[in-house]
There are 2 protein chains.
Amino acid sequence: MPGIDKLPLEETLEDSPQTRSLLGVFEEDTAATSSYFSQLFKAMQRIYDAQNELSAATHLTSRLLKDYEKQRFPLGGDDEVMSSTLQQFAKVIDELSSCHAVLSTQLADAMMFPITQFQERDLREIVILKEVFQISSDDHDTAVNRYSRLSKRKENEKVKNEVMEDVYTSRKKQHETIMHYFASLNMLQYKKKIALLEPLLGYMQAQISFFKLGSENLTQQWEEFLTNIGTSVQKNIKKNYKITKT
Amino acid sequence: MPGIDKLPLEETLEDSPQTRSLLGVFEEDTAATSSYFSQLFKAMQRIYDAQNELSAATHLTSRLLKDYEKQRFPLGGDDEVMSSTLQQFAKVIDELSSCHAVLSTQLADAMMFPITQFQERDLREIVILKEVFQISSDDHDTAVNRYSRLSKRKENEKVKNEVMEDVYTSRKKQHETIMHYFASLNMLQYKKKIALLEPLLGYMQAQISFFKLGSENLTQQWEEFLTNIGTSVQKNIKKNYKITKT
């Protein structure tokens with residue numbers, strides 16, 4: 001339905017079938033938005049959980065390598081070259097796990113926080129307002145019903161006044177809640193765009209920082225280290241291969 | 001125990017208490033190695049699983065964004081700016097998920113494959129050889145026992161020859177299996193170093209490629225894209241804020 005982007009607050013008092021039908025469209029749109037966000041939220045939660053797990057597993061690997069020299073190997077305990085090589089690996093892998101931890105924190109703040117807020121605050125507000133609106137409509141209906149039954153009987157003035165007062169206040173209450181509900185539904189049309197873009201921006205910026213951190217600070221020193229190790233491992237493999245062959 | 005790095009194959013025939021005690025040291029070292037590798041294997045498996053999950057979740061997020069325009073939102077279906085922005089996000093996040101997928105593959109080949117091979121082939125071989133050695137020792141003991149009981153009784157020549165033949169073949173078999181077992185235990189001392197360094201090298205090289213791929217090909221175009229989006233989102237937030245205030 002192109003062209004419609006607002007529920008008319010000025011028509012809430014009239015409560016016409018047209019307005020009710022338009023409300024239906026907004027409610028349908030909100031349900032679709034809610035369902036779409038729920039899927040996106042789950043996907044982002046998976047990214048965030050996996051990132052945390054990656055960070056933790058990387059840290060654990062680094063710690064295991066650090067602990068190598070504390071292992072009680074009855075043989076080869078004097079292998080200092082091996083020990084120091086593993087210490088170096090432990091150090092660079094620990095640096096990498098720090099980069100991962102920074103990424104995790106950024107994802108928590110810039111991706112999970114805004115999408116969670118939208119889920120738990122904005123979309124939840126709509127659900128609650130719908131309920132409140134429903135209750136106030138029911139109350140109004142009850143009051144009107146009581147009033148219509150009243151006119152057929154002979155009642156005293158006090159009761160009559162009470163019932164009319166009730167119709168008036170419940171009508172006022174219903175009007176207030178429908179205005180609040182409409183305003184929130186209108187606002188959601190703006191909020192949902194921001195709620196989509198904000199976590200995505202947060203995600204991308206966190207990724208860019210991660211790549212920058214990784215490539216600027218770490219890769220050059222890693223590469224030098226790896227070239228040295230690589231050569232010594234290849235020598236070892238060749239030596240090993242010769243032993244196997246003989 | 002510095003200085004000892006080989007079980008003497010030439011002493012396997014003698015099977016002295018000294019050799020048996022040295023075998024004990026090698027077996028203890030193998031058990032310690034096995035336990036250490038088991039921990040490292042689990043940590044690396046966690047890294048690999050988390051990386052796969054990250055890759056899958058990133059791909060899913062990209063797909064959800066791609067599917068945005070297929071969603072049946074009753075309102076705002078004509079919002080082309082939003083649709084095309086999300087398409088661009090979907091594209092860059094998909095590129096990122098490809099980088100993650102490449103990293104996953106490299107981790108599978110260069111980290112998980114060698115450490116799994118060591119676990120399932122080399123360490124397992126030792127376990128099997130120990131069992132085979134145990135069986136052949138038991139067989140030999142049985143044959144010797146039978147022979148020692150034989151000499152006290154009067155047996156016919158045929159049985160005597162049979163028993164002696166049995167002692168001879170079981171002794172030969174036992175000698176073969178202990179040589180094989182010793183050779184494998186010696187070889188493990190070399191293999192375990194390679195088995196430690198190879199997956200670590202694979203891991204680091206995969207990470208370096210990942211950072212290179214990410215920073216060289218992707219971040220510049222991402223940054224341009226994000227600057228544009230960022231400005232438009234900030235405008236939207238301000239607009240949104242003004243609406244909320246009025």
Side-chain angles (χ1 to χ4, degrees), chain A residues 1-2 4-5 25-26 28-29 32-33 36 39-40 43-44 46-47 50-51 53-54 57-58 60-61 64 71-78 82 85-86 89 92 96 187 189-191 193-194 196-198 200-201 204-205 207-208 211-212 214-215 219 222-223 226 229-230 233 236-237 240 243, chain B residues 1-2 4-5 25-26 28-29 32-33 36 39-40 43-44 46-47 50-51 53-54 57-58 60-61 64 71-78 82 85-86 89 92 96 187 189-191 193-194 196-198 200-201 204-205 207-208 211-212 214-215 219 222-223 226 229-230 233 236-237 240 243:
Chain A
M1 248 189 229
I4 301 163
D5 65 346
V25 177
F26 270 74
E28 216 184 293
D29 189 84
T33 301
Y36 183 74
Q39 291 176 66
L40 195 62
M44 286 180 169
R46 273 181 66 186
I47 290 181
Q51 186 55 56
E53 170 63 6
L54 191 57
T58 307
L60 173 65
T61 304
L64 279 173
Q71 302 294 310
R72 302 203 159 269
F73 293 119
L75 297 166
D78 60 337
M82 192 65 184
T85 304
L86 291 181
F89 265 118
V92 290
L96 185 56
M187 187 54 82
Q189 292 300 318
Y190 295 97
K191 279 184 181 167
K193 293 181 189 176
I194 307 297
L196 254 175
L197 297 177
E198 208 184 346
L200 290 173
L201 272 173
M204 290 307 301
Q205 269 154 357
Q207 298 295 338
I208 288 176
F211 278 110
K212 276 198 180 162
S215 55
T219 59
W222 289 351
E223 279 186 273
L226 287 186
I229 303 294
V233 170
N236 251 311
I237 290 171
N240 196 14
I243 291 165
Chain B
M1 247 185 226
I4 302 164
D5 66 346
V25 176
F26 270 74
E28 216 183 292
D29 189 83
T33 301
Y36 183 74
Q39 290 176 66
L40 195 63
M44 285 179 170
R46 272 182 66 186
I47 290 180
Q51 185 56 56
E53 170 63 6
L54 191 58
T58 307
L60 173 65
T61 305
L64 278 173
Q71 301 296 310
R72 302 202 160 269
F73 294 118
L75 297 168
D78 60 337
M82 192 67 184
T85 305
L86 291 181
F89 265 119
V92 290
L96 184 57
M187 187 54 82
Q189 292 299 317
Y190 296 97
K191 278 183 181 169
K193 291 180 192 178
I194 306 298
L196 253 176
L197 297 177
E198 209 185 346
L200 290 174
L201 272 173
M204 290 306 300
Q205 269 153 355
Q207 298 295 337
I208 288 175
F211 278 110
K212 277 196 179 162
S215 55
T219 58
W222 289 351
E223 278 186 275
L226 286 186
I229 303 294
V233 170
N236 252 311
I237 290 171
N240 197 14
I243 291 164

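Labels below follow one simple rule: chain letters A, B, ... track the order of the sequence lines, proteins then strands, and each chain is numbered from 1.
Using a 4.5 Å heavy-atom cutoff, the side chains of B/L197 and A/L86 are in contact. Counting heavy atoms from C-beta outward, B/E53 and A/E53 have side chains that stay 4.5 Å or more apart. The shortest distance between side-chain heavy atoms of B/F89 and A/L196 does not fall below 4.5 Å.
Here the CZ-CG distance, from A/R46 to B/L60, works out to 5.5 Å after rounding to the nearest 0.5 Å. A/L54 contributes atom CG, which lies 5.5 Å from atom CD of B/Q51 (distance to the nearest 0.5 angstrom). The CG atom of B/L40 sits 6.5 Å away from atom OG1 of A/T61, with the distance rounded to the nearest 0.5 Å.
Minimum interatomic distance between B/A57 and A/A43 (heavy atoms only, all atoms of both residues): CB-O, 4.1 Å. The shortest non-hydrogen separation linking B/M204 to A/V92 is CE-CG2, 3.8 Å. Nearest heavy atoms, B/D29 versus A/L75: OD1-N, 2.8 Å.
In this structure, chain B has a heavy atom under 4.5 Å from the side chain of A/T85, while its backbone stays farther away. The contact between A/M82 and chain B is made entirely by side chain atoms (from C-beta outward), counting heavy-atom distances below 4.5 Å. For chain A, the nearby parts of B/Q39 are the backbone and the side chain; heavy atoms of each come within less than 4.5 Å. Heavy atoms closer than 4.5 Å to chain B are found in both the backbone and the side chain of A/E28.
At distances below 3.5 Å, not a single donor-acceptor pair connects side-chain atoms of A/Y36 with backbone N or O atoms of B/F73.
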